[in-house]
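Before any comments, here is the structure.
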Amino acid sequence: MFKYEVLKVCKQSGARIAKLTTPHGIIETPVFMPVGTMASVKALSPEEVKEQGSQIILGNTYHLYLRPGHELIKKAGGLHKFMNWDRPILTDSGGFQVFSLSKMRKITDEGATFDSFIDGSKHLITPEKSMEIQQALGSDIMMAFDECTAPDCGYEKSKDAMERTLLWLERCFKVANVPTQMLFPIIQGNMYEDLRIESAKRTAPYAKCGIAVGGLSVGEPKPVMYKMLEAIRPYYPENMPRYLMGVGSADCIVEGVVRGIDMFDCVLPTRIARNGTAMTSKGDITIRNAAYKEDFGPVEEGCDCYTCRNYSRAYIRHLINVDEIFGGRLLSIHNIRFLHRLVNGIKQAIIEDRLLDFRDSFIEKYEK
RNA sequence: GUGGGUAUAGCUCAGUUGGAAGAGCGCCAGAUUGUGGCUCUGGAGGUCGUGGGUUCGAUCCCCACUACUCACC
């Protein structure tokens with residue numbers, strides 16, 4: 001039911017183009033995956049998400065468990081049917097929320113206890129519970145329940161979290177036995193090369209069709225993240241995609257593919273869109289700035305998205321400034337399309353064995 | 001016409017028992033990376049209606065003027 005097939009390897013960088021077959025269709029990698037935490041890519045319809053070229057989206061275990069509840073979604077026929085998305089879905093395990101909601105949690109080997117941000121009620125999420133929820137949601141790719149750490153938490157805490165993530169992984173692995181749902185384990189180890197390498201080695205045996213790198217892009221400098229990716233690169237299991245979790249700025253995606261990554265997800269394009277920022281090949285632009293008040297050109301010259309074909313910077317700036325949701329929708333469409341176009345450019349460079357050249361010229365323009 | 005009230009940032013208004021002026025909104029800019037985000041952070045902007053008086057010192061007290069506003073005739 002799951003199959004991974006490499007189509008082309010870039011001679012210059014080692015990056016590859018591949019096909020990952022899932023029960024809900026084929027994903028061609030490298031791929032960027034928009035995030036739809038609450039069973040919706042914020043502000044967009046599934047049709048609009050598809051129109052930008054999205055092949056797969058994310059849903060979130062923790063949020064959907066709290067509301068509307070995984071049992072309800074199961075009753076509705078699964079997350080695909082519930083939200084009217086017929087392409088692949090990847091569900092996060094709730095592990096990241098252990099980290100991002102750290103003010104209201106308690107972690108033990110058994111699992112993580114949260115105070116619900118909705119009503120304050122207490123919830124224990126264990127590896128088994130996370131799998132149960134993800135199975136009820138019916139995602140194509142389930143993520144292992146892991147513990148993510150802050151970049152400044154120190155070696156011992158980082159090591160403990162890495163060990164606990166492995167302990168939890170084994171428990172996830174035992175109950176992840178639905179043939180239509182693949183489990184991706186997650187490499188942790190904070191910003192320590194030795195921990196990262198150890199985590200990669202010990203995580204690899206659990207990876208059957210894909211492996212993820214977690215706990216990066218959590219506030220550390222970009223060069224540190226790149227260093228970690230380089231450290232673990234030799235230890236990935238053979239013949240499966242590698243997913244860098246939570247990464248979605250254009251430069252990090254290019255640098256990630258150069259370092260062997262195939263899959264990315266991020267809230268960044270849709271979040272900054274709603275706050276009035278557009279992604280372009282010359283870097284992010286804050287569209288609500290006065291500089292664009294009378295700029296009647298498209299967000300990005302040459303972009304083929306619905307937004308750029310029909311609307312001006314001045315109009316979008318106006319919408320954002322008067323708090324009209326259509327402005328956030330238009331920028332979300334553009335930003336997602338921008339990242340898919342970026343990945344298309346990366347693929348073309350892989351085909352032509354010139355990804356490192358592509359990276360150099362892209363970064364130069366992007367950072368200018 | 002008579003009596004009262006108000007005049008402080010672009011707007012709506014606090015405030016100082018007289019000791020070198022504040023908020024919210026707006027404006028300008030920054031942030032945002034497995035979404036607790038119509039969020040968060042920062043900045044610019046005022047000779048406190050005008051003219052006089054009292055005082056060491058007035059946005060504040062007194063007088064006059066002007067504008068706006070309410071009530072009554």
Side-chain angles (χ1 to χ4, degrees), chain A residues 32-44 56-64 66-67 89-105 114-120 130 134 139 141-149 151 165 184-188 210-222 224-225 243-253 255-256 261 263-279 283-293 317 319-329 331-332 335 339:
Chain A
F32 174 76
M33 310 181 282
V35 179
T37 299
M38 310 275 192
S40 164
V41 177
K42 285 188 195 294
L44 301 181
I56 169 172
I57 59 172
L58 264 73
N60 189 281
T61 292
Y62 174 69
H63 292 286
L64 294 173
L66 287 181
R67 277 191 310 201
I89 294 177
L90 181 152
T91 42
D92 187 20
S93 63
F96 187 73
Q97 278 62 43
V98 175
F99 169 67
S100 65
L101 306 178
S102 58
K103 280 157 275 178
M104 43 180 74
R105 65 163 195 204
F114 298 88
D115 293 338
S116 161
F117 68 90
I118 297 162
D119 60 7
S130 175
Q134 294 188 69
S139 54
I141 298 171
M142 301 186 293
M143 298 308 300
F145 190 62
D146 65 333
E147 185 183 348
C148 185
T149 49
T165 295
F184 276 31
I186 303 172
I187 297 168
Q188 287 289 347
I211 191 163
V213 184
L216 291 177
S217 198
V218 287
E220 79 283 9
K222 288 174 183 179
V224 172
M225 175 171 85
Y243 161 31
L244 177 55
M245 306 184 76
V247 165
S249 68
D251 53 341
C252 291
I253 288 176
E255 297 286 5
I261 298 298
M263 303 169 70
F264 303 86
D265 80 282
C266 198
V267 303
L268 198 64
T270 45
R271 175 183 285 170
I272 66 175
R274 294 193 308 282
N275 290 325
T277 298
M279 294 175 144
D284 291 351
I285 62 174
T286 308
I287 210 81
R288 63 181 150 73
N289 283 6
Y292 308 110
K293 191 173 186 175
R317 174 186 129 89
L319 294 180
I320 293 288
N321 284 354
V322 296
D323 214 16
E324 280 291 345
I325 45 183
F326 191 45
R329 276 166 50 73
L331 283 182
S332 292
N335 286 350
L339 290 182

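In what follows, chains carry the letters A, B, and so on, assigned in the order in which the sequence lines appear, proteins first and then strands, with residues in each chain numbered from 1.
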Decide yes or no, distance alone: a donor-acceptor N/O pair under 3.5 angstrom between the base of B/U35 and the side-chain of A/Arg271.
->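 Present.
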Exercise for the section: Mark yes or no for a side-chain to base donor-acceptor pair under 3.5 Å between A/Ser100 and B/U35, with no hydrogen or angle criteria applied. Expected result: no
Looking at every non-hydrogen atom in both residues, tell me the closest pair between [X] and [Y] and how far apart they are.
X: A/Ile187; Y: A/Ile211; result: CD1-CD1, 3.8 Å
X: A/Ile56; Y: A/Pro34; result: O-CD, 3.4 Å
X: A/Arg329; Y: A/Leu44; result: O-CD2, 3.8 Å

Could you go over nucleotides 38-40 of chain B and give all protein N or O partners under 3.5 Å, atom names and distances?
{"unit_1": "B/C38", "atom_1": "O2'", "unit_2": "A/Asp323", "atom_2": "OD1", "d": "3.3"}
{"unit_1": "B/C38", "atom_1": "O2", "unit_2": "A/Asp323", "atom_2": "OD2", "d": "3.1"}
{"unit_1": "B/U39", "atom_1": "O4", "unit_2": "A/Asn275", "atom_2": "OD1", "d": "3.2"}

Can you sort out the partners of [X] under salt bridge (charged side-chain N to carboxylate O under 4.0 Å, His left out), two or more places apart, ordered by chain and number?
X: A/Glu255; value: A/Arg259, A/Arg359
X: A/Asp251; value: A/Lys222
X: A/Arg271; value: none

Encoded 5' to 3' (Watson-Crick or G-U under 3.5 Å; [ ] crossing; | other strand), RNA chain B becomes (((((((..((((.....[..)))).(((((.......))))).....(((((..]....)))))))))))).
**Study point:** Minimum-distance nucleotide to A/Ile272 side chain [options: B/G36, B/G34, B/U32]
**Key:**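 For A/Ile272, the side-chain atoms sit closest to B/U32.
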- Residue A/Ala290, side-chain atoms from C-beta onward, closest of B/G34, B/G36, B/A29: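 Among the listed nucleotides, the one closest to the side chain of A/Ala290 is B/A29.
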Sorted by number, residues from residues 245-253 of chain A placing a heavy atom under 4.0 Å from RNA chain B are A/Met245, A/Gly246, A/Val247, A/Gly248, A/Ser249
